[in-house]
A.B. asks: 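Here's a structure for you.
In this text the structure is predicted, and so the values were computed from the model without any measurement. One is the number of the first residue; the rest follow in order along the sequence. Below, each value reflects all heavy atoms present in this structure, side chains not excepted, and no hydrogens, waters or symmetry copies.
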Amino acid sequence: QVQLIESGGGLVQAGGSLRLSCAASGRTFSTYVMAWFRQAPGKERDFLAAIRWSDGTTYYADSAKGRFTISRDNAKNTVYLQMYSLKPEETAVYYCAVGSSSYKPPRSATAYDYWGQGTQVTVSS
């Protein structure tokens, strides 16, 4: 059992920056990968970024590459998403996820076993 709590969301102006945090607790020893997804109203949940827990290998969606950075703090069982140059279209609920399988693609939601409740990010124009 793993519990995930996201934080750091809020209101930001277009072009601004935000840093999201996700703290994991419980049986985190089985964690293979942690990721960030987002879901805008009326749309599907989209992959943003992932990080392999053991060696820090990262994966990014095209929309996130160059502007977003995922990182981890192993001692704190926490993953971060630093976001720059935010756009109004990126207003969404941002979710943290944990996966235990090494045989599923990190960019797919099917790779993840646990999800946080999400944190709202609103980008104003």
A.B. asks: Going by side chain to side chain donor-acceptor pair (under 3.5 Å), name the pairs with one or both residues in residues 71-86, residues two or more places apart or in two chains.
C.D. replies: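 Of all non-adjacent pairs touching residues 71-86, those that pass side chain to side chain donor-acceptor pair (under 3.5 Å) are Arg72-Asn74.
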A.B. asks: Let me check something: do Tyr114 and Ile70 share a hydrophobic cluster, defined by ILVMFWY side-chain heavy atoms less than 4.5 Å apart, either directly or through other members?
C.D. replies: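 Yes.
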A.B. asks: Tell me whether the count of non-hydrogen atoms from other residues, nucleotides or ligands lying under 6.0 Å of CG in Asp62 goes above 12.
C.D. replies: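 For Asp62, atom CG is not crowded (no more than 12 foreign heavy atoms under 6.0 Å).
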A.B. asks: Measure the SG-CD distance between Cys96 and Gln117 for me, rounded to the nearest 0.5 Å.
C.D. replies: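 CD of Gln117 is found 12.0 Å from SG of Cys96.
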A.B. asks: Is Gln3 atom CD crowded by more than 12 heavy atoms from other residues, nucleotides or ligands, each under 6.0 Å away?
C.D. replies: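 Atom CD in Gln3 is crowded, with more than 12 foreign heavy atoms closer than 6.0 Å.
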A.B. asks: Cluster question for you: counting only ILVMFWY and a side-chain heavy-atom cut-off of under 4.5 Å, with indirect links fine, are Leu18 and Val93 together?
C.D. replies: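 No, no single cluster joins them.
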A.B. asks: What donor-acceptor contacts under 3.5 angstrom involve side-chain atoms of residues 100-109, with partners at least two apart or in another chain?
C.D. replies:
unit_1	atom_1	unit_2	atom_2	d
Ser100	OG	Asp113	OD2	2.7
Ser101	OG	Tyr103	N	3.1
Lys104	NZ	Thr110	O	3.4
Ser108	OG	Thr110	N	3.2
Ser108	OG	Thr110	OG1	2.7

A.B. asks: Measuring only between side-chain heavy atoms, which start at C-beta, is Thr57 closer than 4.5 Å to Ile51?
C.D. replies: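 Of all side-chain heavy-atom pairs linking Ile51 with Thr57, none is under 4.5 Å.
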A.B. asks: Identify each donor-acceptor pair in which a side-chain atom of residues 30-40 lies under 3.5 Å from a protein atom, sequence neighbours left out, and give them as a table.
C.D. replies:
unit_1	atom_1	unit_2	atom_2	d
Thr31	OG1	Thr28	O	2.9
Tyr32	OH	Arg52	NE	3.4
Arg38	NH1	Glu90	OE2	3.2
Arg38	NH1	Tyr94	OH	3.1
Gln39	OE1	Arg45	NE	3.4
Gln39	OE1	Arg45	NH2	3.3
Gln39	NE2	Lys43	O	3.0

A.B. asks: For a quick test of reading the model, state the closest non-hydrogen atom pair linking Gly116 to Tyr95 and the distance between them.
C.D. replies: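 Scanning both residues completely, I find the closest heavy atoms to be O-CD2, 3.4 Å.
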A.B. asks: Other than Leu11, which residues form its hydrophobic cluster under the rule that side-chain heavy atoms must be closer than 4.5 Å?
C.D. replies: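 Besides Leu11, the hydrophobic cluster comprises nothing; the residue is isolated.
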A.B. asks: Does Trp53 belong to the same Ile/Leu/Val/Met/Phe/Trp/Tyr cluster as Val98, with side-chain heavy atoms less than 4.5 Å apart forming each link?
C.D. replies: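 In one cluster: yes.
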A.B. asks: Using the side chain to side chain contact (heavy atoms under 4.5 Å, CB included) rule, take Leu81 and Thr69 through it: C-alpha gap first, then chi angles, then the decisive distance, then the call.
C.D. replies: CA-CA 6 Å; Leu81 185 68; Thr69 301; over 6 Å; no
A.B. asks: With sequence neighbours left out, which residue pairs that include part of residues 59-79 fulfil the ring pair (Phe, Tyr, Trp, His ring centres under 6.0 Å) condition?
C.D. replies: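 Pairs touching residues 59-79 that pass the test: none.
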A.B. asks: Could you go step by step and tell me if Met83 and Leu20 meet the side chain to side chain contact (heavy atoms under 4.5 Å, CB included) rule?
C.D. replies: CA-CA 8 Å; Met83 305 185 291; Leu20 306 181; 3.9 Å; yes
A.B. asks: Without placing hydrogens or testing angles, list every side-chain donor-acceptor pair under 3.5 Å for residues 118-125, not counting sequence neighbours.
C.D. replies:
unit_1	atom_1	unit_2	atom_2	d
Thr119	OG1	Gly9	N	3.2
Gln120	OE1	Thr122	OG1	3.4

